[in-house]
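One structure is given below, encoded as structure tokens.
All ligand and atom numbering here is 1-based and tracks the order in the structure.
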Amino acid sequence: MKIKKPQIYTQILIGLIAGVIFGLLFPVHGDEIGIAYKEGTSINRKYLYGWQKASIEVDGSVQAQFEPGNNNKFIKSYELFKEKKNVRILFIFKDGKTEAYSNVVRILKPASLPVHLKPVGILFIRLLNFIAIPLVIASLFVGAASLGNIRRIARIGTKTLVYFLSTTAIAIAIGILLANTIKPGERLSVESKQKLMQEFAIDVAKIEEKAAQSSVVDFFVNIVPTNPFNALASGDMLSIVFLAVFLGLIAALIEQEKAKIVIKFFDSFTEIMIRAVGIVMLLAPYAVFVLIAAIISEFGFGILQTLIWYVITVIAGLCFHMLIIYPLYLKIFSKMPIHRFFKGIRPAQLVAFSTSSSAATLPVNMECCEKNLGVPRGITSFVLPLGATINMDGTALYQGVATVFIAQIYGQGLGIAGQLTILLTATLASIGTAPVPGVGIIMLVIVLRSVNVPEEGIALIIGVDRLLDMCRTVSNITGDAVGSVIIASSEKVLDFEDTIHHKDLN
Ligand code: ASP
């Protein structure tokens, strides 16, 4: 008897669950640490297990002491001392033994088995990103060029933007409301606050440095690239989107006989990229397995406990937005059955969760919306790349919660004006957030500044950012998919009846 091979969604799900189990089985232990130290001209690496206390000494006097479980702080603090003369690190082990090391060049995070396997996952993400940029440029160009006449372009463009902005504003409002109701900031002890502020101060400095690079106005002006090839080469998504839509729309305006050849070229190019996604997706179950295993094995569950109310608030908000708001939109503006929709985009959601990147997920999302939901290429190729870049409901919701949370911890009331300011700036910040992992927290700085909430408060939430990034990215790409369905439906081109026979939906 032939055993039926499980479909891609089931395979990825199995990969994800197995990854969680594997990650839990091989965690990175708090009392493991690596050191790279100079001996003569060579650099040796050594991993130490079972240490109980470590001290950094300069000229024989202790400068800082660390206990297991605080490796991040240990690693970062050492960076401040390593250039000094006569520095050594003294380790005291559980059995009372001591070991001292000088000429330490770097302290290293220990790597567990899952972390060693991570390159497979990185390869998968790189392949998806490799596809994403050519796909965005080609499909968005074709999408914009085939919107038809000016009236249709204006109609679809306006509908898309109204949808994006309305769902983003609702997402932020949900985030702010929940944060005001659950009050996660008032549930964090002063002791935990001090610990987090100390441990993550150095990361905040890096984030502030990145965020300081441009003002909001500069940011919007810079969307227009002076050299389109530079924008392409540096992978600057907003500029690429501008470039593709702008040129695509112009292609729709010139004589069709002349535009035809370029449109055809990009159309074939899109086809090649979409086919490439299908091939790369063969790696998905394995990649998801190693990515999730590595995240779980490295994740400090201690910090999750400390910030549990904050995490609950963000996740509750995301669930509400995904399970109530999107279905409402689908119900009101399309005939797509809700369960069909969620079934159809499950593979994309799993990839978003594992990669934390809307850009990497874009090719998969396009495939799901076209093949499983019956959204025609003409709509997906316009709405999805645009949405992946500027429509980030999950990120906006998270920025709303994070701002109120930090304000609560600093005992700062925000008032109605403050909350409205958050609504406005988080909308802009989410538009400006690049669709790659961890950018949401950088753009959060802009929201915090707009309501004068101390930026260093980011230290409080950075420890759980990776986890929340995974969750918010799922919401980000789901919002784009909903958009493509309701725009297609409103244009009467949604063809989901035809796709019901698609058994590969699983
Ligand atoms: N990782 C998110 C995305 O790609 C962006 C963010 O919130 O950091 O959609």
Could you go through residues 114-135 and list every donor-acceptor pair under 3.5 Å that involves a side-chain atom there, pairing it with any protein atom two or more places apart or in another chain?
| from | atom 1 | to | atom 2 | distance (Å) |
| --- | --- | --- | --- | --- |
| Asn129 | ND2 | Ile125 | O | 3.3 |

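With salt bridges taken as basic N to acidic carboxylate O contacts below 4.0 Å, none links Glu367 and Arg275.
Below 4.0 Å from some heavy atom of Thr395 lie the following atoms of ligand 1, by number and element: 5 (C), 6 (C), 7 (O). Atom numbering of ligand 1 starts at 1 in the shown order; those under 4.0 Å from a heavy atom of Ser357 are 4 (O). Near Pro437, meaning under 4.0 Å from any of its heavy atoms, are these atoms of ligand 1: 1 (N). Taking every heavy atom of Val439 and a limit of under 4.0 angstrom, the matching atoms of ligand 1 come to 8 (O). For ligand 1, the atoms closer than 4.0 angstrom to any heavy atom of Gly438 are 8 (O). Close approach of ligand 1 to Pro435 is summarised as follows: ligand atoms under 4.0 Å from at least one heavy atom of the residue are 4 (O).
Side-chain polar atoms of Tyr398 and Asp465 form a donor-acceptor pair below 3.5 angstrom. Using modelled atom types and a 3.5 Å distance limit, the side chains of Ser166 and Tyr329 yield a donor-acceptor pair.
For the pair Met392 and ligand 1, the shortest N or O to N or O distance does not fall below 3.5 Å.
Protein heavy atom at the shortest distance from atom 5 (C) of ligand 1 is Val436 O, 3.6 Å. When hydrogens are left out, the protein atom nearest atom 8 (O) of ligand 1 is Gly440 N, 2.7 Å; that is the closest non-hydrogen contact. For atom 1 (N) of ligand 1, the closest non-hydrogen atom of the protein is Asp469 OD1, 2.7 Å.
Counting all heavy atoms, side chain and backbone alike, Ile223 lies closest to Leu238 at CG2-O, 3.9 Å. The shortest heavy-atom contact between Gln412 and Val451 is NE2-O, 3.4 Å.
Taking the six-membered ring for Trp and thresholds of 30 and 60 degrees, Tyr326 and His321 have ring planes more than 60 degrees apart, a perpendicular arrangement.
Legend: side-chain hydrogen bond (donor to acceptor under 3.5 Å, both in side chains) pairs involving residues 423-446, not counting sequence neighbours, sorted by first then second residue: Thr425-Ser450.
Both the backbone and the side chain of Ser358 come within contact range of ligand 1, each with a heavy atom under 4.0 Å.
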